[in-house]
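A quick write-up on the structure given underneath.
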Number of protein chains: 4
Amino acid sequence: GRPLLLIAGPCVLESPELARRVAGTMQEICGRLGLSYVFKASFDKANRTSLGSFRGPGLAEGLAVMAGIRDAMNVPVVSDVHESSQVPSAAAVLDVIQIPAFLCRQTDLLQAAATTGKPINLKKGQFLSPWDMAHAVDKIKSVNGSRVLLVERGSCFGYNNLVVDMRSFPVMRELGCPVIYDATHSVQLPGGAGGSSGGQREFIAPLARAAVAAGIDGLFMEVHPDPDRALCDGPNSIALDRVEAILQQIVRIRSCLE
Amino acid sequence: GRPLLLIAGPCVLESPELARRVAGTMQEICGRLGLSYVFKASFDKANRTSLGSFRGPGLAEGLAVMAGIRDAMNVPVVSDVHESSQVPSAAAVLDVIQIPAFLCRQTDLLQAAATTGKPINLKKGQFLSPWDMAHAVDKIKSVNGSRVLLVERGSCFGYNNLVVDMRSFPVMRELGCPVIYDATHSVQLPGGAGGSSGGQREFIAPLARAAVAAGIDGLFMEVHPDPDRALCDGPNSIALDRVEAILQQIVRIRSCLE
Amino acid sequence: GRPLLLIAGPCVLESPELARRVAGTMQEICGRLGLSYVFKASFDKANRTSLGSFRGPGLAEGLAVMAGIRDAMNVPVVSDVHESSQVPSAAAVLDVIQIPAFLCRQTDLLQAAATTGKPINLKKGQFLSPWDMAHAVDKIKSVNGSRVLLVERGSCFGYNNLVVDMRSFPVMRELGCPVIYDATHSVQLPGGAGGSSGGQREFIAPLARAAVAAGIDGLFMEVHPDPDRALCDGPNSIALDRVEAILQQIVRIRSCLE
Amino acid sequence: GRPLLLIAGPCVLESPELARRVAGTMQEICGRLGLSYVFKASFDKANRTSLGSFRGPGLAEGLAVMAGIRDAMNVPVVSDVHESSQVPSAAAVLDVIQIPAFLCRQTDLLQAAATTGKPINLKKGQFLSPWDMAHAVDKIKSVNGSRVLLVERGSCFGYNNLVVDMRSFPVMRELGCPVIYDATHSVQLPGGAGGSSGGQREFIAPLARAAVAAGIDGLFMEVHPDPDRALCDGPNSIALDRVEAILQQIVRIRSCLE
């Protein structure tokens, strides 16, 4: 089969140095394990729970950092867009354009992204069934032949909690798209820490193992050298020095499915 | 107490004639019943389930129709915006700016709307607890003193279904904002009709009665002269000739709370 | 229309004196307000969250207390059974036999209760849709013509939380049974207080008003002279001296539906 | 590590021959794969959705079949009890006593089962969080030292649907009990087929793989030679001739965790 895709990086571009460090370490790990690596970071966290939270360097500065990583390290890069007006600049730099989960039904944004011809990393809304992603895929495919990756990141389960319904992997694969499991956002507790989202880091590894055993094409992870000091999504990030051990098991489990 | 606010109109601006007819009829009914009336219609349905669905006349033409209704009939008008770039034009016409539920955490959009100084009709995301709306309100209040109306329109309850948790009314009132019940979107079955959302029109009246008895400051309703032929949200719209009977009961129930 | 039915009493039979006091006060209130009153208390709480919780006086002693109240005060009495073997003794005393929500699919218990010919107060499981209660009703009706009352007491909504879906009232009425709203168990937070269930007393009144406005035939309430000292379900009980004010509003709202 | 436990058999004892055939085939497969096997079947399905459904041979006849299988084939047997009065007879035959999910909070039943000293296979209610199973375990442990196995069989997710929250495995393991995944009941659609529960057989294998990768101590499965003709739970049963292929993958995945 194809190698597992790994989309990973810090939640947000905190500094160019941190971004390069994470990208470099992940690239090495993926090289050792035979994974296909894409660097991910957000230039702007446009939907933080609270106003006071760190948002990132913004579009221009952030894309410059992404371009630097891409060129210096020869690694493809992905980031997320929030309004149609951001798409042209983003597409000039990014290899893959990501649509945030809350925005997966915004027709204009989906179509603006599709117009670029770039592959789209489309997160499934926490409020949507996996089969309803067929309509979001159609909105993209109607514009051009962009490759669409579908990302599971948990479904609403009462208040301030998400559940990962692993039936979504076979369901979304039926839509003809590679399926990615977002191993770190799926363990968020939205709003669960008062003015920000809490997270359950201890469940990242078992759920990631489960997802790969259920059958996925890629994993998405937020990785940080020091999650407890991360400026975004620390509670649900993986420490950089713990990633390789988790991925080794993931790779072994995946080989059992062949 | 203050009179109940009624925000009502067709889901989307199908034609200027239809919009004026609905606005006129609703204005008369609200006059007879002592309700405060605001006309609502969308100029663009930017997040329809499927691509093939009718979206509306678009920003410029739609706002012209809204302005016409406002001026000719002396009725305040509200419509929804989807990207920050739409906000200035919208604010030039609208009395109230509405933020769609899926977008209630998009900081830029909330702040762009707040900058106008107009009151904001803020729908609670189907994926959010009522207490988490505190953060969305803060994002608006931090910019200026815009009045914020908070709208309950149902919470995710498994796939393709919504439930109205009526505890949300007292919870959101604690945030210091008037609370509105969206009586028609709350009975949607998202994606439940295949390529569009289904609806359970038969539950509109009992749930609206329940909401007013629980304690709300306003009602939001999609109204159409012929719901079965509506170009959007027909399955969960109320027929124009059935509205008055429902509202009469609503008004009577509300008077019991005083 | 028929007068509203009120099923009310302490959660569990703490002492004969307390039970008589509650029954007497409720009987007076219901007389003043024109409500049809049934006294309810459990002789055994067979499914408390934790082992250490108070369970009640047991079958024989509890039924004797119920019989005493019934005879002395001329008020019908209802209590719940948990195993088929309890049914004959219970039916010798009770006017109505109640089936707990967790047990609403236990065929033997339903049929044992139905065999007595007594009316059955059947709670809807927190895990069941309102339309699935049709099968539970059939299990009873197949045995004899017992009248079945269907009780809404909340549905699972994530962990440690319940939501009241008020669509259940019209749905269950379609099954040909009177529909009761359990206003106090519906605000439980199951397991939410560690070793026992928490409760949100502040939501009892708004949700009860909402239910009666949506359309119900009866209300069920746990009432206690001092809820903070109740041996069971205190967090979701109403104080005896606050009941009449709530019921007055309920009666007024109900009169608006005629 | 310890070998994986496999609890498997037909949903209900349809006939002694069918039961022996399933037990024999499963024993052979488990021998080949190094799994620890326990035969499971119900003597009475006491909580079928509808009255007309097949319930099984009943207590006496059913236990005789179970005893026959146990003695002839030297395989431990488990079955479920529904009222305390069944426990003594059941304990005289069964190696493990199972408590159904709906009944996991019934204190008397739990304690009657615990009194026998037999290990208890305790299903987590569809309405309970995994951490709330601590209280059910306490109810058993307070009586004697019975070993308790905790079984995940899905959580309520809206109406007529269940979701498997794989966080429950590490959570319940923290309670000091082996954790079992019920791979076939977890794909039920309760009430989803009108008068009976539907099922999604296609998801049994991916979810079972996921569970074993997440980390479990045992699997529970309903197995039938011809699921489409099974008298109970056919839609969510595995065909006998497809079991070995699924278990081979399960065993391989489990070996990756060591």
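To find a chain, count down the sequence lines: A is the first, B the second, and so on, and within it residues start at 1. Atoms considered below: every heavy atom in the structure, side chains included; atoms not considered: hydrogens, waters and symmetry mates.
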> How about R209(B) and L257(C): do any of their side-chain heavy atoms sit closer than 4.5 Å?
Replying inline: yes
> Among residues 219-247 of chain B, which ones touch chain C with a heavy-atom distance under 4.5 Å?
Replying inline: none
>> Quick check on the structure: residues of residues 166-181 of chain C within a heavy-atom distance below 4.5 Å of chain B, by number.
In response: M166(C), R167(C), P170(C), V171(C)
> Just how far is it from atom CD of E258(B) to atom CZ of R252(C), taken to the nearest 0.5 Å?
Replying inline: 10.0 Å
>> Heavy-atom cut-off 4.5 Å, strictly under: side chain, backbone, both or neither for I253(C) against chain B?
In response: both
>> Test of understanding: with side chain to side chain contact (heavy atoms under 4.5 Å, CB included), list the residues that count as partners of A136(B), not counting sequence neighbours.
In response: L110(B), L122(B), M133(B)
>> Which residues in residues 145-164 of chain B have any heavy atom closer than 4.5 Å to a heavy atom of chain C?
In response: S155(B), C156(B), F157(B), N161(B), L162(B), V163(B), V164(B)
>> So for Q248(C), is it side chain, backbone, both, or neither that comes closer than 4.5 Å to the heavy atoms of chain B?
In response: neither
